Amino acid sequence: MKLRMYTHAERNLSGKLPSLWPEFMDHDQVISTFWPRLYDVYADFQLWVVDDKETIGYACTLPVKWDGVPEQRGLDWAMSNGVVGEPTTLCAVVAGVLPSYRGTGVASEILERMRGLATAHGLDCLIAPVRPTWKERYPLTPMESYVRWRREDGFHYDPWIRTHERLGAEILSPAPKSMTVTASRDEWEEWTGLQFPEDGDYVVPGALVPVHFDGGRGTYVEPNVWMRHGV
Ligand SMILES: CC(C)(COP(=O)(O)OP(=O)(O)OC[C@H]1O[C@@H](n2cnc3c(N)ncnc32)[C@H](O)[C@@H]1OP(=O)(O)O)[C@@H](O)C(=O)NCCC(=O)NCCS
């Protein structure tokens, strides 16, 4: 592996990665409205990961003004109220690597680089509304419980939280409303390939909690977990 990381300002590698997310994840209004600004306004804070000549991962971060209190609205907060005022802190937005590169340590290098960005820009720490990668296996378990699950060796049960912790991050608290996706039954059916014939709660692949249908509209409120890395 010949790994390199570039900021978007250094090298624009957009469009070279397949989507790493379930379709419904692209439909949080706050996030999809803000998203182009990450690359247009905050290009120094977006990373592309390259192995030899292939783009194999990416990460996005955003400088925010943070008062030290974990915000319930997680990512939605970061991409709205979080950018108002003089930034104090770097907030991780997303990290993704191609499936064939998972479990190789690339993810840790991305987190280290994010921390480096915080230092380089004079920000006080790196915070992250972490999307635990195995939570989708337990969509009925409240995040408040899941966040406490540990293995016998003391490490966290969730692989992605574990990677953050190994690098010294601490869990702050869940962000119960980090993302919200609301759409019609038809849209949800198109995104998921499932049918939702009646109102009620449905387990949807890739979702961390059930999607709630009421009056023909489906609402998904995704909980994440706030973590903090010192720099
Ligand atoms: C989140 C993500 C970047 C983490 O990358 P990763 O490569 O899985 O992370 P790590 O290399 O730190 O691995 C974490 C743990 O899972 C294990 N693991 C992950 N993928 C593995 C694989 N394909 N084979 C074997 N082990 C694997 C690692 O060995 C490690 O276990 P350990 O702590 O017991 O050593 C990656 O899973 C991903 O891109 N997921 C899709 C997007 C996403 O959900 N992003 C997070 C929210 S922003």
Side-chain angles (χ1 to χ4, degrees), residues 1 3 5 13 16-28 30-32 34-35 38 42 45-51 54-62 64 73-79 82 90-115 117 126-139 143 146-147 149-169 171-172 174-181 204-209 220-229:
M1 206 159 43
L3 213 63
M5 277 186 233
L13 296 173
K16 303 220 184 284
L17 280 171
S19 174
L20 301 171
W21 304 97
E23 170 70 30
F24 66 82
M25 291 287 288
D26 289 337
H27 298 278
D28 173 308
V30 175
I31 296 175
S32 45
F34 190 90
W35 200 261
L38 286 177
Y42 300 97
F45 294 92
Q46 317 315 323
L47 297 171
W48 298 109
V49 187
V50 175
D51 179 21
E54 189 193 2
T55 308
I56 59 122
Y58 75 114
C60 299
T61 65
L62 182 63
V64 293
R73 284 172 63 242
L75 265 187
D76 281 355
W77 164 80
M79 295 199 165
L90 190 62
C91 182
V93 170
V94 73
V97 298
L98 290 177
S100 55
Y101 280 84
R102 292 187 192 158
T104 62
V106 174
S108 301
E109 293 199 34
I110 293 175
L111 289 176
E112 294 278 22
R113 183 66 199 271
M114 286 180 172
R115 252 189 343 207
L117 283 177
L126 173 71
I127 54 173
V130 174
R131 182 174 207 262
T133 47
W134 281 9
K135 178 66 174 74
E136 68 178 52
R137 301 179 183 194
Y138 301 93
M143 188 63 99
Y146 184 80
V147 81
W149 291 2
R150 297 215 164 251
R151 306 191 305 196
E152 275 184 9
D153 63 7
F155 281 110
H156 205 279
Y157 177 70
D158 186 85
W160 189 216
I161 294 183
R162 199 155 69 232
T163 297
H164 282 265
E165 280 193 336
R166 280 216 180 92
L167 294 174
I171 293 175
L172 300 178
K177 301 173 187 172
S178 194
M179 293 178 60
T180 298
V181 177
V204 166
L208 308 193
V209 293
Y220 172 63
V221 182
E222 177 168 299
N224 290 158
V225 178
W226 276 113
M227 297 189 72
R228 178 186 179 282
H229 293 253

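These numbers come from a predicted model, not from an experiment. Each ligand, and each atom within it, is numbered from 1 in the order the structure gives.
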Chemist: Can you check whether V49 reaches E109 side chain to side chain, under 4.5 Å on heavy atoms?
Modeler: no
Chemist: Please determine if T133 has a nitrogen or oxygen closer than 3.5 Å to a nitrogen or oxygen of ligand 1.
Modeler: no
Chemist: Tell me the contacting part of R102 for ligand 1: side chain, backbone, both, or neither, using a 4.0 Å heavy-atom threshold, strictly below.
Modeler: both
Chemist: Under 4.0 Å from any heavy atom of P159, which atoms of ligand 1 are there?
Modeler: 14 (C), 15 (C), 16 (O)
Chemist: Please indicate, with yes or no, if any protein heavy atom is found under 4.0 Å from atom 36 (C) of ligand 1?
Modeler: yes
Chemist: Check whether any side-chain heavy atom of P132 lies under 4.5 Å from a side-chain heavy atom of M143, and answer yes or no.
Modeler: yes
Chemist: Just to confirm my output: which protein heavy-atom neighbour is closest to atom 25 (C) of ligand 1, and how far is it?
Modeler: G103 CA, 4.7 Å
Chemist: Specify side chain, backbone, both or neither for A95, according to which of its non-hydrogen atoms lie closer than 4.0 Å to ligand 1.
Modeler: backbone
Chemist: I need the contact type for V94 against ligand 1. Using non-hydrogen atoms and a strict under-4.0 Å cut-off, is it side chain, backbone, both or neither?
Modeler: both
Chemist: State the CD1-CE distance between I127 and M227, to the nearest 0.5 angstrom.
Modeler: 12.5 Å
Chemist: Show me which atoms of ligand 1 lie under 4.0 Å from any heavy atom of R131.
Modeler: 47 (C)
Chemist: Counting non-hydrogen protein atoms only, what is the nearest one to atom 31 (O) of ligand 1? Give residue, atom name and distance.
Modeler: R162 NH2, 3.2 Å
Chemist: Which atoms of ligand 1 sit under 4.0 Å from any heavy atom of T104?
Modeler: 11 (O)
Chemist: Does W35 reach the side chain of C60, with side-chain heavy atoms less than 4.5 Å apart?
Modeler: yes
Chemist: Distance to 0.1 Å, residue and atom name: give those for the protein heavy atom nearest to atom 46 (C) of ligand 1.
Modeler: W160 NE1, 3.3 Å
